Amino acid sequence: MEKKSKKDRKKIGQFFTPAVIAEFMASLSGSYEHFEELNILDCGSGTGILATALVDKFKTYGNLKKIHIDLYEVDSDVLPILAKSMEYIEHKLKNSDKTFTYNIIHGNFVTLNVDNWNSEFVGKYDLVISNPPYKKISKSSEESVAMGSIVHGQPNIYFLFMAMALKLLKENGELIFINPRSFTSGLYFKKFRTWFLENTIISRIHLFVSRKNVFGNDQVLQETIILKALKSKSKEDMICISESTDSDLSENIFQIYLPYDSVITKNENKFILLPTTEEDVRVMNLLSQWDFNLVKLGYKLKTGPVVDFRSLEYLKNEPLEETVPLLWLHNFNGGLIRFPIPKEGKPQYILNNSESKKLLLENKDYLLLKRFTSKEEKRRLQAAIYSSKEFNYPKIGFENHLNYIVKESGTMELNELYGLYALFNSDILDKYYRIVNGSTQVNATEVNSMPLPEKELIIKIGDLILKENDLSVDKCNDIVNNIFNI
């Protein structure tokens, strides 16, 4: 599809499905040999490759006499190709014992089905398969307003497609989607995730190790998954999680079956955990035994309040009488904070006056975490100790790319601070965070709800690392692994 440029397709969130992925998605569909009629929905049809792959699978089913597909597509440039794809299927089945019918609907899938969303509609499709558009939309958009009960913050249109498709399915109908992983965690997706998990049983999630090549030459920055689920409120025992290196699904597939309850977190966030190695599973099992988190222990992770481009009038490159330090990512150094470290475009000082005071924090001990890391970096969780005694200032500034852990009431003791440092700098918490969140951003919602051991053990870990006087990742791992017999 070369008529529309990649830039134009990205604007509408359009990424075409490669044939090998379409065939894989079709292969995940259930057994319909006993069906005489099959009613299918493809709610983001593109050129019709998913529908074609499904029919190619079903054409050999002896009992199946009638196949109908409804195909939604908003891009008028694609419609002629979609029509030809359906005509091709029609031609292939012309002399068979099967009747094939289709209906191409040119329009917005979400808005065209608003009445069904807001009613007691019980569904009409046996199966829905889709590669929905991926793009952020405003909370005031027509789609967001129509489905406001599952929207929080800035939504991405793909999860509205998932929800509407699920609404249109019959009870026990099947949903197969390829979409970003982002809905499996995060505050913005909490409403949708809660609703989705209440109305489905997820039976399979397939991940891709690399973000590259999944959609050919299109650059999809979000980590992509294929999800299979049934519209049902009944209980499932196991869930299958698999992984491949890229769009070549013929090899390098890791596959594991896990208890359903171990994959969905028991807290109110209902995160969907996605382990991809046996080691990940061991980490999950260990942390499932921990009954606390930062909030329960009296701490909280927050985000640095200084957004540089909104605070330019307060930022200074040199110290003045009324300035205090402003810390950035580059001030991290060997588990501690080094200051000042001059860097172009990153002023190391911020004014401390009546206008800027809302941006500044009390000068006390904090554990800092990088809020952003690059794809190439080995670790997502990178911690550094901010020791107030090293900074003889009344206030301190943290730039917005930093997260900080603060004790909500009182002062954090030194062994608490170092114990938390060792935990957050250990491989087990880093692995767990990657199981929860596939992005390079470290979010407060996920970190605040991550399982932690009781405070006594955190203090014990802190005493040990203080005694060793070694803040390296290796030493953190040695101490943490020894405490928990890993």
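We number each residue from 1, following the sequence as shown. Small disclaimer: the values here were computed from a predicted structure and weren't measured.
- Between Tyr386 and Tyr404, the distance from one ring center to the other does not fall under 6.0 angstrom.
- For the residue pair Glu313 and Arg310, the shortest heavy atom distance occurs at OE1-O, 4.1 Å.
- In this model, no donor atom of one side chain and acceptor atom of the other lie less than 3.5 Å apart for Ser76 and His106.
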query = Going through the distances and angles, do Asn353 and Ser356 end up as a side chain to side chain donor-acceptor pair (under 3.5 Å)?
reply = CA-CA 5 Å; Asn353 57 31; Ser356 64; 3.1 Å; yes
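- The closest side-chain heavy-atom distance from Met412 to Val406 is not below 4.5 Å.
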ask   = Stepwise, does the side chain to side chain donor-acceptor pair (under 3.5 Å) test hold for Asp474 with Ser472?
value = CA-CA 5 Å; Asp474 286 344; Ser472 68; 5.4 Å; no
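- A donor and an acceptor atom, one from each side chain of Asn477 and Ser426, are nowhere located under 3.5 Å apart.
- Taking the charged nitrogens against the carboxylate oxygens, Arg434 and Asp430 do have a contact shorter than 4.0 Å, which makes a salt bridge.
- Heavy-atom contacts from other residues, nucleotides or ligands closer than 6.0 Å to OH of Tyr188 number 12 or fewer.
- Under the ring-ring contact (aromatic ring centres under 6.0 Å, His included) criterion, the residue pairs touching residues 269-291 are Trp290-Phe484, with sequence neighbours excluded.
- Residue Glu408 places its CD atom among more than 12 non-hydrogen atoms of other residues, nucleotides or ligands, all under 6.0 Å distant.
- Looking at residues two or more places apart in sequence or on another chain, you find a salt bridge (charged side-chain N to carboxylate O under 4.0 Å, His left out) between Lys407 and Glu416.
- For the atom pair CG of Asn267 and CE of Met450, the computed distance is 12.0 Å after rounding to the nearest 0.5 Å.
- Side-chain atoms of Phe398 and Lys302, non-hydrogen and from C-beta on, never get closer than 4.5 Å to each other.
- Under a 3.5 Å cut-off, the side chain of Asp280 and the backbone N or O of Thr276 do form a donor-acceptor pair.
- If you take CG on Asn400 and CG on Leu359, they are separated by 10.5 Å, rounding to the nearest 0.5 Å.
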request  = Carefully, step by step, assess Glu446 and Ser185 under the rule side chain to side chain donor-acceptor pair (under 3.5 Å).
outcome  = CA-CA 7 Å; Glu446 284 91 333; Ser185 65; 3.1 Å; yes
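- Between the Asn293 side chain and the Pro451 main chain, no donor and acceptor come within less than 3.5 Å of each other.
- Under the 6.0 Å cut-off for aromatic ring centres, Phe177 and Phe161 do not qualify, their centroids lying 6.0 Å or more apart.
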Worked check of side chain to side chain donor-acceptor pair (under 3.5 Å) between Gln441 and Asn443 = CA-CA 6 Å; Gln441 182 171 334; Asn443 296 316; 2.9 Å; yes
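- The environment of Lys364 atom NZ is dense: over 12 non-hydrogen atoms of other residues, nucleotides or ligands sit within 6.0 angstrom.
- For the atom pair Glu454 CD and Phe292 CZ, the distance stands at 6.0 Å (nearest 0.5 Å).
- Relative orientation of the Phe189 and Tyr158 rings is tilted, given thresholds of 30° and 60° on the angle between their planes.
- Considering only residues two or more places apart in sequence or on other chains, Arg338 meets the salt bridge (charged side-chain N to carboxylate O under 4.0 Å, His left out) condition with none of them.
- Looking only at side-chain heavy atoms (C-beta outward), Asn179 and Thr224 stay at 4.5 Å or farther from each other.
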